[in-house]
Amino acid sequence: MNRKIWQKLKCSQSELQLKVSLTGGQSFRWKIGSLPEDNFIDESYIGVMGNCVWQFRQTENDLLYRVLGELKNDSSNYYNQVRMKISIPTVVDKKKSKKKTSVMDDTKLFHSLDYYESLLRAYFRFDVNLSECYAEWSKHPHFKTESDKFYAIRVLDQDPVENLFSFICSQNNHISRISSLVEKLCKNYGPKICDLNGVAYHAFPNFDELMDAKVEQELRNESFGYRAKFIQRAAVEINDKGGLDWFQKVQNMSYKDAHAELVTLTGIGPKVADCICLMSLNHLEAIPVDTHVLKLATEHYLPKGREIKSMTPKLYNEIGDAFRQVYGPLSGWAQTVLFCADLVKFKEGKSKENGAKKKRKK
DNA sequence: AGCCTACCTGGGTC
DNA sequence: AGACCCAGGTAGG
(Lines give C-alpha, C1' and ligand atoms only; values in the text may rest on other atoms or scores of the structure.)
Protein backbone atom coordinates (compact mmCIF):
# COMPACT_ATOMS: atom_id res chain seq x y z
CA MET A 1 0.00 0.00 0.00
CA ASN A 2 1.30 3.36 -1.04
CA ARG A 3 0.96 6.75 0.62
CA LYS A 4 0.09 8.39 -2.67
CA ILE A 5 -2.99 6.31 -3.31
CA TRP A 6 -6.29 7.76 -2.15
CA GLN A 7 -8.33 5.43 0.04
CA LYS A 8 -12.10 5.53 0.25
CA LEU A 9 -14.34 5.38 3.24
CA LYS A 10 -18.02 5.24 2.41
CA CYS A 11 -19.71 8.27 3.90
CA SER A 12 -22.46 10.42 2.45
CA GLN A 13 -22.35 14.21 2.64
CA SER A 14 -25.38 14.19 4.89
CA GLU A 15 -23.27 12.38 7.50
CA LEU A 16 -20.13 14.50 7.30
CA GLN A 17 -19.34 18.05 6.33
CA LEU A 18 -15.55 18.11 6.36
CA LYS A 19 -15.02 21.84 6.24
CA VAL A 20 -16.79 22.99 9.37
CA SER A 21 -16.12 19.77 11.29
CA LEU A 22 -12.37 20.20 10.84
CA THR A 23 -11.98 23.98 10.91
CA GLY A 24 -14.94 25.20 12.98
CA GLY A 25 -13.03 25.59 16.22
CA GLN A 26 -12.92 22.06 17.62
CA SER A 27 -9.42 21.22 16.46
CA PHE A 28 -6.85 23.82 15.48
CA ARG A 29 -4.62 21.63 13.34
CA TRP A 30 -6.48 21.30 10.04
CA LYS A 31 -5.66 23.57 7.13
CA ILE A 32 -7.15 23.84 3.68
CA GLY A 33 -4.32 22.83 1.38
CA SER A 34 -2.94 20.42 -1.17
CA LEU A 35 0.33 19.19 -2.62
CA PRO A 36 1.82 20.85 -5.73
CA GLU A 37 1.27 17.73 -7.81
CA ASP A 38 -2.39 17.42 -6.86
CA ASN A 39 -4.65 17.88 -9.85
CA PHE A 40 -8.13 17.72 -8.39
CA ILE A 41 -10.21 20.87 -8.17
CA ASP A 42 -12.13 20.30 -4.94
CA GLU A 43 -10.81 21.43 -1.57
CA SER A 44 -8.59 19.17 0.49
CA TYR A 45 -7.51 19.40 4.11
CA ILE A 46 -4.13 18.54 5.59
CA GLY A 47 -3.45 18.04 9.27
CA VAL A 48 -2.04 15.83 12.00
CA MET A 49 -4.06 13.33 14.00
CA GLY A 50 -3.01 10.13 15.79
CA ASN A 51 0.65 10.75 14.95
CA CYS A 52 -0.13 10.71 11.23
CA VAL A 53 -0.23 13.50 8.65
CA TRP A 54 -3.54 13.10 6.83
CA GLN A 55 -5.01 14.56 3.70
CA PHE A 56 -8.78 14.47 3.32
CA ARG A 57 -11.30 15.35 0.67
CA GLN A 58 -14.85 14.45 0.01
CA THR A 59 -17.02 13.24 -2.85
CA GLU A 60 -20.75 12.78 -2.82
CA ASN A 61 -20.57 9.30 -1.32
CA ASP A 62 -17.07 8.94 0.10
CA LEU A 63 -14.50 10.39 2.42
CA LEU A 64 -11.18 10.18 0.58
CA TYR A 65 -8.00 10.00 2.62
CA ARG A 66 -4.26 9.55 2.36
CA VAL A 67 -1.62 9.22 5.06
CA LEU A 68 1.19 11.47 3.91
CA GLY A 69 3.52 10.72 6.80
CA GLU A 70 3.60 9.09 10.21
CA LEU A 71 5.79 8.62 13.24
CA LYS A 72 7.57 5.32 13.12
CA ASN A 73 7.57 5.02 16.86
CA ASP A 74 3.97 5.71 17.69
CA SER A 75 3.87 4.30 21.21
CA SER A 76 2.71 7.72 22.36
CA ASN A 77 -0.29 7.54 20.05
CA TYR A 78 -3.23 8.11 22.34
CA TYR A 79 -5.62 6.00 20.37
CA ASN A 80 -3.31 3.08 21.04
CA GLN A 81 -2.08 3.87 24.48
CA VAL A 82 -4.72 5.95 26.23
CA ARG A 83 -7.97 4.79 24.76
CA MET A 84 -6.89 1.29 23.89
CA LYS A 85 -9.88 1.00 21.63
CA ILE A 86 -7.84 -0.42 18.81
CA SER A 87 -5.50 -3.37 18.62
CA ILE A 88 -2.67 -2.49 16.31
CA PRO A 89 -1.71 -4.85 13.57
CA THR A 90 1.70 -3.29 12.98
CA VAL A 91 3.33 -4.14 9.71
CA VAL A 92 6.90 -5.08 10.44
CA ASP A 93 9.08 -4.59 7.40
CA LYS A 94 12.46 -6.08 8.17
CA LYS A 95 14.17 -4.83 5.03
CA LYS A 96 13.11 -1.26 5.78
CA SER A 97 14.24 -1.29 9.37
CA LYS A 98 17.75 -2.31 8.36
CA LYS A 99 18.02 0.41 5.78
CA LYS A 100 18.43 3.86 7.24
CA THR A 101 15.87 5.77 5.23
CA SER A 102 14.32 9.01 6.31
CA VAL A 103 10.60 9.14 6.91
CA MET A 104 10.27 11.51 3.99
CA ASP A 105 11.34 8.91 1.42
CA ASP A 106 9.15 6.26 2.89
CA THR A 107 6.22 5.75 0.57
CA LYS A 108 4.90 2.69 2.34
CA LEU A 109 2.30 2.80 5.08
CA PHE A 110 3.35 1.38 8.44
CA HIS A 111 0.04 -0.22 9.31
CA SER A 112 -2.72 -2.18 7.65
CA LEU A 113 -5.53 -0.28 5.99
CA ASP A 114 -7.88 -1.53 8.72
CA TYR A 115 -5.82 0.38 11.24
CA TYR A 116 -6.22 3.73 9.49
CA GLU A 117 -9.90 3.14 8.91
CA SER A 118 -10.38 2.37 12.58
CA LEU A 119 -8.63 5.61 13.48
CA LEU A 120 -10.95 7.57 11.20
CA ARG A 121 -14.07 5.82 12.46
CA ALA A 122 -13.09 6.72 16.00
CA TYR A 123 -12.02 10.29 15.21
CA PHE A 124 -15.17 11.18 13.29
CA ARG A 125 -17.37 9.12 15.59
CA PHE A 126 -18.89 7.33 12.63
CA ASP A 127 -20.75 5.04 15.05
CA VAL A 128 -23.16 7.97 15.54
CA ASN A 129 -25.88 8.28 12.90
CA LEU A 130 -26.00 12.02 12.51
CA SER A 131 -29.09 12.28 10.27
CA GLU A 132 -31.12 10.65 13.02
CA CYS A 133 -29.68 13.04 15.58
CA TYR A 134 -30.47 16.10 13.44
CA ALA A 135 -34.02 14.85 12.98
CA GLU A 136 -34.42 14.51 16.74
CA TRP A 137 -32.80 17.86 17.58
CA SER A 138 -34.86 19.63 14.91
CA LYS A 139 -37.90 19.24 17.15
CA HIS A 140 -36.61 22.45 18.70
CA PRO A 141 -37.38 25.37 16.35
CA HIS A 142 -34.05 27.08 16.95
CA PHE A 143 -32.09 24.02 15.85
CA LYS A 144 -34.34 23.51 12.85
CA THR A 145 -33.71 26.99 11.45
CA GLU A 146 -29.94 26.82 12.05
CA SER A 147 -29.30 23.29 10.84
CA ASP A 148 -30.50 23.83 7.27
CA LYS A 149 -27.27 25.63 6.51
CA PHE A 150 -25.00 23.85 8.98
CA TYR A 151 -25.59 20.26 8.07
CA ALA A 152 -23.54 17.23 9.08
CA ILE A 153 -21.19 18.83 11.57
CA ARG A 154 -19.50 16.08 13.53
CA VAL A 155 -18.01 16.29 17.00
CA LEU A 156 -14.49 14.91 16.69
CA ASP A 157 -13.12 12.45 19.23
CA GLN A 158 -9.76 14.07 19.89
CA ASP A 159 -6.57 13.37 21.81
CA PRO A 160 -7.15 14.65 25.37
CA VAL A 161 -3.61 15.96 25.76
CA GLU A 162 -3.77 18.04 22.58
CA ASN A 163 -7.32 19.07 23.35
CA LEU A 164 -6.52 20.22 26.90
CA PHE A 165 -3.51 22.37 26.03
CA SER A 166 -5.11 23.75 22.86
CA PHE A 167 -8.07 25.02 24.86
CA ILE A 168 -5.87 26.58 27.51
CA CYS A 169 -4.56 28.58 24.54
CA SER A 170 -8.10 29.37 23.41
CA GLN A 171 -9.09 31.68 26.24
CA ASN A 172 -9.62 35.29 25.18
CA ASN A 173 -8.40 34.51 21.67
CA HIS A 174 -9.43 34.20 18.01
CA ILE A 175 -9.25 30.91 16.14
CA SER A 176 -6.42 32.21 13.96
CA ARG A 177 -4.19 33.02 16.91
CA ILE A 178 -5.15 29.83 18.77
CA SER A 179 -4.05 27.90 15.68
CA SER A 180 -0.71 29.68 15.55
CA LEU A 181 -0.07 29.03 19.26
CA VAL A 182 -0.93 25.34 18.91
CA GLU A 183 1.43 25.10 15.93
CA LYS A 184 4.18 26.62 18.07
CA LEU A 185 3.66 24.01 20.79
CA CYS A 186 4.00 21.27 18.19
CA LYS A 187 6.97 22.81 16.43
CA ASN A 188 8.94 23.49 19.62
CA TYR A 189 8.05 20.47 21.75
CA GLY A 190 6.49 17.81 19.53
CA PRO A 191 8.25 15.10 17.51
CA LYS A 192 8.68 15.82 13.81
CA ILE A 193 6.74 13.50 11.55
CA CYS A 194 7.92 14.53 8.09
CA ASP A 195 8.56 17.38 5.63
CA LEU A 196 6.20 18.12 2.76
CA ASN A 197 7.16 20.86 0.29
CA GLY A 198 9.50 22.34 2.83
CA VAL A 199 6.88 22.41 5.55
CA ALA A 200 7.67 20.38 8.67
CA TYR A 201 4.79 18.52 10.30
CA HIS A 202 5.00 17.79 14.00
CA ALA A 203 2.83 15.70 16.30
CA PHE A 204 1.45 17.34 19.42
CA PRO A 205 3.90 16.97 22.31
CA ASN A 206 3.21 14.76 25.27
CA PHE A 207 2.52 16.71 28.48
CA ASP A 208 5.87 15.76 30.01
CA GLU A 209 7.64 17.92 27.41
CA LEU A 210 5.86 20.96 28.87
CA MET A 211 6.66 20.37 32.54
CA ASP A 212 10.08 22.01 32.81
CA ALA A 213 10.09 25.33 34.69
CA LYS A 214 11.86 27.05 31.78
CA VAL A 215 8.89 26.33 29.50
CA GLU A 216 6.95 29.29 30.88
CA GLN A 217 9.57 31.81 29.80
CA GLU A 218 10.07 30.06 26.47
CA LEU A 219 6.37 30.29 25.74
CA ARG A 220 6.24 33.93 26.79
CA ASN A 221 8.99 34.58 24.28
CA GLU A 222 6.77 32.88 21.71
CA SER A 223 3.95 35.33 22.53
CA PHE A 224 1.71 33.00 24.53
CA GLY A 225 1.17 35.80 27.05
CA TYR A 226 -0.32 34.80 30.39
CA ARG A 227 -1.24 31.37 29.01
CA ALA A 228 2.44 30.39 29.26
CA LYS A 229 2.25 29.88 33.00
CA PHE A 230 -1.04 27.95 32.78
CA ILE A 231 0.42 25.52 30.27
CA GLN A 232 3.55 24.76 32.24
CA ARG A 233 1.68 24.45 35.54
CA ALA A 234 -1.09 22.29 34.13
CA ALA A 235 1.55 19.93 32.69
CA VAL A 236 3.12 19.50 36.13
CA GLU A 237 -0.25 19.01 37.77
CA ILE A 238 -1.30 16.39 35.24
CA ASN A 239 1.93 14.54 35.90
CA ASP A 240 1.33 14.70 39.68
CA LYS A 241 -2.13 13.28 39.20
CA GLY A 242 -0.86 10.29 37.28
CA GLY A 243 -0.42 11.42 33.66
CA LEU A 244 -2.08 9.32 31.00
CA ASP A 245 -3.67 7.08 33.65
CA TRP A 246 -5.35 10.16 35.05
CA PHE A 247 -6.90 10.99 31.66
CA GLN A 248 -8.21 7.44 31.50
CA LYS A 249 -9.69 7.80 34.99
CA VAL A 250 -11.38 11.11 34.20
CA GLN A 251 -12.88 9.61 31.09
CA ASN A 252 -14.45 6.84 33.13
CA MET A 253 -15.94 9.22 35.72
CA SER A 254 -19.44 10.64 35.45
CA TYR A 255 -19.62 13.88 33.50
CA LYS A 256 -20.07 16.02 36.63
CA ASP A 257 -17.12 14.38 38.42
CA ALA A 258 -14.92 14.68 35.32
CA HIS A 259 -15.74 18.38 35.06
CA ALA A 260 -14.97 18.94 38.76
CA GLU A 261 -11.66 17.12 38.38
CA LEU A 262 -10.61 19.15 35.32
CA VAL A 263 -11.24 22.56 36.88
CA THR A 264 -8.72 21.76 39.62
CA LEU A 265 -5.97 22.32 37.02
CA THR A 266 -4.42 25.78 36.69
CA GLY A 267 -5.75 27.64 33.68
CA ILE A 268 -8.80 25.42 33.28
CA GLY A 269 -12.11 26.96 34.25
CA PRO A 270 -15.66 25.73 33.66
CA LYS A 271 -15.74 26.53 29.94
CA VAL A 272 -12.48 24.87 28.97
CA ALA A 273 -13.27 21.88 31.23
CA ASP A 274 -16.48 21.37 29.26
CA CYS A 275 -14.60 21.59 25.96
CA ILE A 276 -12.29 18.82 27.13
CA CYS A 277 -15.15 16.69 28.48
CA LEU A 278 -17.03 16.99 25.19
CA MET A 279 -14.22 16.78 22.65
CA SER A 280 -11.83 14.22 24.07
CA LEU A 281 -13.23 12.52 27.16
CA ASN A 282 -16.43 11.16 25.71
CA HIS A 283 -18.82 13.20 27.86
CA LEU A 284 -21.21 14.30 25.16
CA GLU A 285 -23.60 16.04 27.53
CA ALA A 286 -20.97 18.70 28.30
CA ILE A 287 -22.00 22.21 27.19
CA PRO A 288 -19.13 24.71 26.93
CA VAL A 289 -20.71 28.09 27.70
CA ASP A 290 -18.79 30.99 26.18
CA THR A 291 -19.86 34.44 25.03
CA HIS A 292 -21.56 33.03 21.91
CA VAL A 293 -23.48 30.34 23.78
CA LEU A 294 -24.48 32.81 26.48
CA LYS A 295 -26.03 34.94 23.74
CA LEU A 296 -27.80 31.94 22.19
CA ALA A 297 -29.07 30.85 25.58
CA THR A 298 -30.58 34.20 26.53
CA GLU A 299 -32.26 34.44 23.12
CA HIS A 300 -33.63 30.93 22.83
CA TYR A 301 -33.25 28.78 25.95
CA LEU A 302 -33.66 30.82 29.13
CA PRO A 303 -36.81 32.54 30.42
CA LYS A 304 -37.06 36.02 28.84
CA GLY A 305 -36.69 39.33 30.57
CA ARG A 306 -33.95 38.33 32.89
CA GLU A 307 -31.15 40.78 33.48
CA ILE A 308 -27.71 39.22 33.24
CA LYS A 309 -24.82 41.10 34.78
CA SER A 310 -22.09 38.51 34.68
CA MET A 311 -21.46 34.82 34.20
CA THR A 312 -21.73 33.21 37.62
CA PRO A 313 -21.20 29.48 38.28
CA LYS A 314 -24.92 29.22 38.95
CA LEU A 315 -25.88 30.79 35.62
CA TYR A 316 -23.26 28.66 33.88
CA ASN A 317 -24.92 25.48 35.19
CA GLU A 318 -28.41 26.73 34.39
CA ILE A 319 -27.47 27.26 30.75
CA GLY A 320 -25.89 23.82 30.48
CA ASP A 321 -28.94 22.23 32.10
CA ALA A 322 -31.26 24.10 29.74
CA PHE A 323 -29.47 22.64 26.71
CA ARG A 324 -29.33 19.17 28.26
CA GLN A 325 -33.04 19.33 28.96
CA VAL A 326 -33.83 20.08 25.31
CA TYR A 327 -31.25 17.96 23.47
CA GLY A 328 -30.63 14.97 25.74
CA PRO A 329 -27.54 12.76 26.11
CA LEU A 330 -25.76 14.14 23.01
CA SER A 331 -26.67 17.75 23.84
CA GLY A 332 -23.02 18.83 23.59
CA TRP A 333 -23.08 17.76 19.96
CA ALA A 334 -26.25 19.72 19.26
CA GLN A 335 -24.66 22.71 20.97
CA THR A 336 -21.58 22.35 18.76
CA VAL A 337 -23.73 22.60 15.63
CA LEU A 338 -25.43 25.72 16.98
CA PHE A 339 -22.10 27.19 18.01
CA CYS A 340 -20.57 26.64 14.56
CA ALA A 341 -23.62 28.21 12.94
CA ASP A 342 -23.40 31.22 15.22
CA LEU A 343 -19.65 31.58 14.70
CA VAL A 344 -19.98 31.60 10.92
CA LYS A 345 -22.88 34.05 11.03
CA PHE A 346 -20.82 36.24 13.38
CA LYS A 347 -17.92 36.25 10.89
CA GLU A 348 -20.22 36.92 7.93
CA GLY A 349 -21.87 39.75 9.83
CA LYS A 350 -18.48 41.31 10.42
CA SER A 351 -17.38 41.05 6.80
CA LYS A 352 -20.68 42.57 5.66
CA GLU A 353 -20.13 45.45 8.06
CA ASN A 354 -16.67 45.96 6.64
CA GLY A 355 -17.94 45.75 3.08
CA ALA A 356 -20.55 48.37 3.84
CA LYS A 357 -17.95 50.63 5.40
CA LYS A 358 -15.59 50.29 2.45
CA LYS A 359 -18.41 51.20 0.10
CA ARG A 360 -19.25 54.25 2.16
CA LYS A 361 -15.67 55.43 1.97
CA LYS A 362 -15.82 55.38 -1.81
C1' DA B 1 -22.32 33.76 46.21
C1' DG B 2 -21.72 37.43 43.18
C1' DC B 3 -18.94 40.91 41.19
C1' DC B 4 -14.54 43.17 39.88
C1' DT B 5 -10.05 43.52 37.73
C1' DA B 6 -5.79 42.22 35.68
C1' DC B 7 -3.89 39.50 32.33
C1' DC B 8 -0.66 38.93 26.95
C1' DT B 9 -1.10 39.58 22.17
C1' DG B 10 -2.42 40.67 17.40
C1' DG B 11 -5.74 42.43 14.29
C1' DG B 12 -9.27 45.65 13.45
C1' DT B 13 -11.64 50.19 13.96
C1' DC B 14 -11.99 55.07 14.36
C1' DA C 1 -0.41 57.72 13.47
C1' DG C 2 -1.95 56.05 17.81
C1' DA C 3 -5.35 55.16 21.27
C1' DC C 4 -9.00 51.88 21.90
C1' DC C 5 -11.66 47.57 21.46
C1' DC C 6 -12.15 42.74 21.35
C1' DA C 7 -11.36 37.72 21.01
C1' DG C 8 -14.93 30.52 22.23
C1' DG C 9 -11.81 32.85 29.92
C1' DT C 10 -9.43 32.29 34.34
C1' DA C 11 -7.33 33.46 38.77
C1' DG C 12 -7.36 36.04 42.70
C1' DG C 13 -9.33 39.32 45.47
Side-chain angles (χ1 to χ4, degrees), chain A residues 20-29 150 153 155-156 158 163-185 215-234 236-237 259-260 262-280 286-298 306-320 323 332-361:
Chain A
V20 180
S21 300
L22 293 179
T23 63
Q26 297 187 58
S27 165
F28 302 98
R29 301 218 63 196
F150 300 94
I153 294 166
V155 167
L156 306 171
Q158 302 185 64
N163 189 220
L164 187 150
F165 288 101
S166 297
F167 275 84
I168 288 180
C169 295
S170 79
Q171 56 177 263
N172 245 328
N173 251 335
H174 311 265
I175 289 181
S176 63
R177 188 153 90 108
I178 302 165
S179 304
S180 91
L181 296 182
V182 172
E183 284 310 317
K184 285 178 191 176
L185 285 179
V215 167
E216 180 185 346
Q217 191 53 52
E218 289 173 356
L219 293 179
R220 278 190 179 270
N221 296 343
E222 293 277 8
S223 76
F224 279 67
Y226 57 81
R227 300 163 195 82
K229 182 162 75 180
F230 295 165
I231 289 169
Q232 188 267 332
R233 279 218 216 161
V236 171
E237 290 162 6
H259 189 269
L262 286 166
V263 295
T264 64
L265 296 179
T266 305
I268 296 187
K271 189 268 173 179
V272 169
D274 271 324
C275 288
I276 300 164
C277 280
L278 171 65
M279 300 176 188
S280 65
I287 308 286
V289 183
D290 57 34
T291 51
H292 295 274
V293 176
L294 173 62
K295 198 189 78 191
L296 293 181
T298 54
R306 172 172 172 181
E307 201 199 341
I308 289 163
K309 285 186 178 173
S310 66
M311 176 59 84
T312 63
K314 194 178 158 214
L315 175 59
Y316 189 97
N317 286 324
E318 278 180 39
I319 293 174
F323 276 93
W333 195 320
Q335 181 272 344
T336 302
V337 176
L338 296 172
F339 170 78
C340 289
D342 193 65
L343 195 65
V344 174
K345 275 201 295 195
F346 175 71
K347 270 193 215 158
E348 281 174 353
K350 276 199 159 178
S351 57
K352 265 183 206 164
E353 265 176 47
N354 296 345
K357 274 168 193 166
K358 273 181 190 168
K359 272 184 189 170
R360 257 183 274 149
K361 271 192 174 177

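Residue numbers start from 1 in every chain, and the chains themselves are labelled A, B, ... in the order their sequence lines are given, proteins ahead of strands. Both backbone and side-chain heavy atoms feed into the values below; hydrogens, waters and symmetry mates do not. Quick caveat, the model's predicted, so the values are computed rather than measured.
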Donor-acceptor contact present, side-chain [X] to main-chain [Y], <3.5 Å:
{"X": "S27(A)", "Y": "T23(A)", "answer": "no"}
{"X": "E183(A)", "Y": "I178(A)", "answer": "no"}
{"X": "Q232(A)", "Y": "E216(A)", "answer": "no"}
{"X": "H259(A)", "Y": "P270(A)", "answer": "yes"}
{"X": "W333(A)", "Y": "L278(A)", "answer": "no"}

Return no unless some side-chain N or O of T266(A) is found under 4.0 Å from OP1 or OP2 of dT10(C).
no
Could you give the distance separating [M] and [N] at their [atom1] atoms, to the nearest angstrom?
{"N": "dG13(C)", "M": "dG2(B)", "atom1": "C1'", "answer": "13 Å"}
{"N": "dC8(B)", "M": "dG2(C)", "atom1": "P", "answer": "25 Å"}
{"N": "dC5(C)", "M": "dT5(B)", "atom1": "P", "answer": "14 Å"}
{"N": "dA1(C)", "M": "dT9(B)", "atom1": "P", "answer": "23 Å"}
{"N": "dG8(C)", "M": "dC4(B)", "atom1": "P", "answer": "23 Å"}
{"N": "dA11(C)", "M": "dG10(B)", "atom1": "C1'", "answer": "23 Å"}

Per the 3.5 Å Watson-Crick/G-U criterion and a run length of at least three, the stems involving DNA chain B are B:3-7 with C:9-13, B:9-14 with C:2-7
Under the 3.5 Å rule, do the base of [N] and the side chain of [X] count as making a donor-acceptor pair?
{"X": "Y226(A)", "N": "dG9(C)", "answer": "yes"}
{"X": "H174(A)", "N": "dG11(B)", "answer": "no"}
{"X": "K271(A)", "N": "dG8(C)", "answer": "yes"}

Quick note, Q171(A) side chain, CB onward, closest among dG2(B), dT9(B), dG9(C) is dG9(C)
Winner on side-chain proximity to S223(A), out of dT9(B), dG2(B), dG9(C), is dT9(B)
Grab the [atom1]-[atom2] distance between [X] and [N] for me, whole Å please.
{"X": "F339(A)", "N": "dA7(C)", "atom1": "CZ", "atom2": "P", "result": "12 Å"}
{"X": "R306(A)", "N": "dG2(B)", "atom1": "CZ", "atom2": "C1'", "result": "13 Å"}
{"X": "M311(A)", "N": "dA7(C)", "atom1": "CE", "atom2": "P", "result": "14 Å"}
{"X": "Y316(A)", "N": "dG9(C)", "atom1": "OH", "atom2": "C1'", "result": "10 Å"}
{"X": "N317(A)", "N": "dG2(B)", "atom1": "CG", "atom2": "P", "result": "10 Å"}
{"X": "I153(A)", "N": "dG8(C)", "atom1": "CD1", "atom2": "P", "result": "16 Å"}
{"X": "K229(A)", "N": "dT10(C)", "atom1": "NZ", "atom2": "C1'", "result": "11 Å"}
{"X": "I175(A)", "N": "dG11(B)", "atom1": "CD1", "atom2": "P", "result": "16 Å"}

Let me check something: any side-chain donor-acceptor pairs from residues 306-313 of chain A under 3.5 Å, sequence neighbours excluded? List them with distances.
{"from": "R306(A)", "atom 1": "NH1", "to": "E318(A)", "atom 2": "OE1", "distance (Å)": "2.8"}
{"from": "R306(A)", "atom 1": "NH2", "to": "E318(A)", "atom 2": "OE1", "distance (Å)": "3.3"}
{"from": "T312(A)", "atom 1": "OG1", "to": "L315(A)", "atom 2": "N", "distance (Å)": "3.1"}

Counting the atoms with a prime plus P, OP1 and OP2 as sugar-phosphate, which does [X] contact under 4.0 Å by heavy atoms, base, sugar-phosphate, or nothing?
{"X": "P270(A)", "result": "sugar-phosphate"}
{"X": "I178(A)", "result": "nothing"}
{"X": "R220(A)", "result": "sugar-phosphate"}
{"X": "G267(A)", "result": "sugar-phosphate"}
{"X": "L181(A)", "result": "nothing"}
{"X": "V272(A)", "result": "sugar-phosphate"}
{"X": "F167(A)", "result": "nothing"}

### Query
How far apart are the C-alpha atoms of V337(A) and V20(A), what are their side-chain angles, what is the distance that settles it, and do they pass the side chain to side chain contact (heavy atoms under 4.5 Å, CB included) test?
CA-CA 9 Å; V337(A) 176; V20(A) 180; over 6 Å; no
### Task
Evaluate the ring planes of H292(A) and F339(A), with Trp represented by its six-membered ring, and classify them as parallel (under 30°), tilted (30 to 60°) or perpendicular (over 60°).
perpendicular
Please identify each residue that fulfils salt bridge (charged side-chain N to carboxylate O under 4.0 Å, His left out) with [X], with sequence neighbours left out.
{"X": "E237(A)", "value": "none"}
{"X": "K184(A)", "value": "none"}
{"X": "R227(A)", "value": "none"}

When rounded to the nearest 0.5 Å, the distance separating OG of S180(A) from NE2 of H174(A) is 11.0 Å
Considering only nitrogen or oxygen atoms on both sides, find all protein atoms under 3.5 Å from nucleotides 3-5 of chain B and state each distance.
{"from": "dC3(B)", "atom 1": "OP2", "to": "S310(A)", "atom 2": "OG", "distance (Å)": "3.3"}

Of D290(A) and L265(A), the one whose closest nucleotide on DNA chain C sits nearer the 5' end is D290(A)
